[in-house]
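Both counts, for ligands and for their atoms, begin at 1 and track the order of listing.
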Amino acid sequence: MTIRFDGRVAIVTGAGNGLGRVHALGLAARGAKVVINDFGGARDGKGGSSEAALKVVEEIRAAGGTAIANGANVTDFEQVKAMVEQAKAEFGRVDVLINNAGILRDKTLSKVEMADFQAVVDVHLMGAVYCTKAVWEIMREQNYGRILMTSSASGLFGNFGQSNYAAAKMAVVGFMNALSIEGKKNDIRVNTIAPIAATRMTNDVLPEAMLERIRPEQVTPAALFLVSENAPTKTILSAGGGVFTATQLVDTAPVYFSDKELSPEALEANFAKIANWNTARPYADSNAQVQALIEKAIKSMQA
Ligand code: NAD
């Protein structure tokens, strides 16, 4: 069935450029009323103007869609709360939040200034936290909400020179994990996208030939699916160049050591058995994982 967003209101952060822009255009083209948030800064998060957001609003209106611009800096909770109030005043509800705003301040840990580490964590993690917190009660009252976090392969798998960015991008996965559970009873579904696309963020870190093949428009269908009515929850999709993968945290089968056997040397000797990825599985929540460990301990002690 065609995925539509008629009657739905969506907020997309960092929607003045790159991926956020095409996510917003996609939502509007399928009937959503969209808040185009962007504080209009440079790639490192410095500066700011409302021009980028206004341009996207004009583009949506020219195509017959409905959108308003908002210049909130997502690292400022007061501005974020005002953005959500603006959305409610203008459109009456908030159904979809795409936490997409992002900056880069790449440096190895030995060279990075703490202020640059903090700035990256503030935008990616705290920006997502503030926006989500500001829409959460609205979504709970509506018994409907779709929230998308934007992670990155850098956070999921690691990348040289991006410890600030990687830490923040993995943090939003933890945020999703908890919220997907807290949101269940009010039909709030929370997912994560890990995009790969040619934008100003990647235009000097990826080779030219590769950039031509990874257009932001190829990522947006995954974002739209993950905020649609029938979206899954607690799902991580990687998307780039028309290719999609699902990513999951998994845990190996528990291995027990009695007090007599237990030592650092025993762990070294049995490491391959513990890290036997053939036994790996995901867990629905932390209780399930803790329970599996404790059950194994109790059973092994009784044996
Ligand atoms: P982009 O620089 O083109 O767009 C990011 C937008 O976010 C900009 O318009 C910027 O003004 C806005 N923004 C930054 N800080 C903000 C703030 N504090 N408040 C409001 N708006 C703010 O970059 P992009 O590539 O489109 O990135 C979008 C998201 O995708 C980011 O979270 C990024 O980390 C993530 N991502 C992108 C790639 C990729 O390959 N492009 C890969 C992995 C993750």
Side-chain angles (χ1 to χ4, degrees), residues 11-26 35-57 69-80 82-83 97-106 118-131 134 148-159 162 164-173 175 192-207 210-220 222-223 226 236-241 243 247:
I11 297 176
V12 184
T13 69
N17 288 290
L19 287 156
R21 176 181 160 269
V22 286
H23 295 343
L25 293 175
V35 177
I36 307 296
N37 160 266
D38 207 298
F39 89 138
R43 191 172 82 162
D44 65 0
K46 292 185 180 131
S49 94
S50 52
E51 219 167 278
L54 285 170
K55 251 183 88 180
V56 178
V57 168
N70 173 275
N73 182 334
V74 296
T75 67
D76 183 325
F77 192 35
E78 292 308 313
Q79 290 183 31
V80 166
M83 167 179 78
L97 168 67
I98 299 187
N99 287 309
N100 165 83
I103 62 167
L104 280 185
R105 301 219 180 149
D106 292 0
Q118 187 73 55
V120 168
V121 172
D122 281 348
V123 176
H124 293 279
L125 172 59
M126 294 316 295
V129 172
Y130 292 149
C131 293
L148 187 65
M149 307 294 168
T150 305
S151 184
S152 165
S154 177
L156 297 173
F157 305 109
N159 194 21
Q162 287 195 318
N164 50 4
Y165 183 72
K169 285 308 202 188
M170 198 56 181
V172 298
V173 174
F175 190 45
T192 296
I193 194 158
I196 306 162
T199 65
R200 66 180 192 169
M201 200 175 258
T202 45
N203 61 11
D204 57 357
V205 290
L206 293 172
M210 195 192 277
L211 289 173
E212 284 165 17
R213 292 172 181 272
I214 49 166
R215 288 171 286 114
E217 290 82 356
Q218 293 166 300
V219 173
T220 290
L226 291 175
I236 306 170
L237 281 186
S238 292
V243 178
T247 310

ask   = What residue and atom, counting heavy atoms only, is the protein's closest point to atom 4 (O) of ligand 1, and at what distance?
value = N17 CB, 4.0 Å
note = Result for side chain to side chain contact (heavy atoms under 4.5 Å, CB included) between T202 and one of I214, L211, I196 points to L211
note = Note: ligand 1 atoms sitting under 4.0 Å from heavy atoms of I196 are 40 (O)
note = The option among G102, G14, A197, P195 carrying the non-hydrogen atom nearest to atom 14 (C) of ligand 1 is G102
task = Could you pull out, from T150, N100, N70, the option with a heavy atom nearest to atom 31 (C) of ligand 1?
result = N100
request  = Among D38, V57, N37, find the one that has a side chain to side chain contact (heavy atoms under 4.5 Å, CB included) with N70.
outcome  = N37
message = For T192, run the side chain to side chain contact (heavy atoms under 4.5 Å, CB included) check against L237, T247, I236 and tell me which one passes.
response = I236
query = So which of R200, K46, M149 gets nearest to atom 10 (C) of ligand 1, if we judge by its closest heavy atom?
reply = R200
Ligand 1 contact by K169, heavy-atom criterion under 4.0 angstrom = yes
remark   = Residue, atom and distance of the protein heavy atom nearest atom 9 (O) of ligand 1 read D38 OD2, 2.5 Å
ask   = Counting from 1, what ligand 1 atoms have a heavy atom of I103 closer than 4.0 Å?
value = 14 (C), 15 (N)
query = Does ligand 1 have a heavy atom under 4.0 Å from the side chain of A72, from its backbone, from both, or from neither?
reply = backbone
query = Would you say the side chain of V123 lies within less than 4.5 Å of the side chain of V74, judging by non-hydrogen atoms?
reply = yes
request  = Give the residue, atom name and distance (to 0.1 Å) of the protein heavy atom nearest atom 27 (O) of ligand 1.
outcome  = M201 SD, 3.9 Å
key: N or O pair under 3.5 Å between Y165 and ligand 1   = yes
Of L25, L19, V22, the residue whose pairing with T220 passes side chain to side chain contact (heavy atoms under 4.5 Å, CB included) = V22
ask   = What about N73: any of its N or O atoms under 3.5 Å from an N or O on ligand 1?
value = yes
message = Checking the side chain of T150 only, and the main-chain atoms of I193 only, is there a donor and an acceptor separated by less than 3.5 Å?
response = no
task = Would you name the heavy atoms of M149 and A128 that are closest together and state the gap between them?
result = SD-CB, 4.2 Å
request  = Mark up the atoms of ligand 1 that fall under 4.0 Å of a heavy atom belonging to N37, in ascending order.
outcome  = 20 (C), 21 (N)
ask   = Does R200 CZ have over 12 foreign heavy atoms under 6.0 Å away?
value = yes
query = Closer than 4.0 angstrom: is that true for some heavy atom of T13 and an atom of ligand 1?
reply = no
Minimum-distance pair of heavy atoms, taken over all atoms of A197 and R215 = CB-C, 4.2 Å
ask   = Should V74 be counted as touching ligand 1, given the test is an N or O pair under 3.5 Å?
value = yes
ask   = Do L104 and Q162 come within less than 4.5 Å of each other through their side chains, counting heavy atoms only?
value = yes
query = Does T75 reach the main-chain N or O of D122 with its side chain, forming a donor-acceptor pair under 3.5 Å?
reply = no
query = Tell me: protein heavy atom nearest atom 15 (N) of ligand 1, and distance?
reply = F39 CE2, 3.3 Å
request  = Measure from the side-chain N and O atoms of N99 to the backbone N and O of C131, and report whether any donor-acceptor pair falls under 3.5 Å.
outcome  = no
ask   = For ligand 1, which atoms have a heavy atom of G18 less than 4.0 angstrom away?
value = 3 (O), 26 (O)
task = Examine the proximity of ligand 1 to L19 and report which part, side chain or backbone, both or neither, has a heavy atom under 4.0 Å away.
result = both
request  = Decide whether the shortest distance between a heavy atom of G127 and an atom of ligand 1 is less than 4.0 Å.
outcome  = no
request  = Starting from atom 24 (P) of ligand 1, locate the nearest protein heavy atom and write down its residue, its atom name and how far away it is, to 0.1 Å.
outcome  = T199 OG1, 3.5 Å
inquiry  = With a heavy-atom distance limit of 4.0 Å, tell me whether A198 approaches ligand 1 through its side chain, its backbone, both, or neither.
reply    = neither
task = Check whether more than 12 heavy atoms from other residues, nucleotides or ligands sit under 6.0 Å from atom CD of E51, and answer yes or no.
result = no
ask   = Is the closest N or O pair between S151 and ligand 1 shorter than 3.5 Å?
value = no
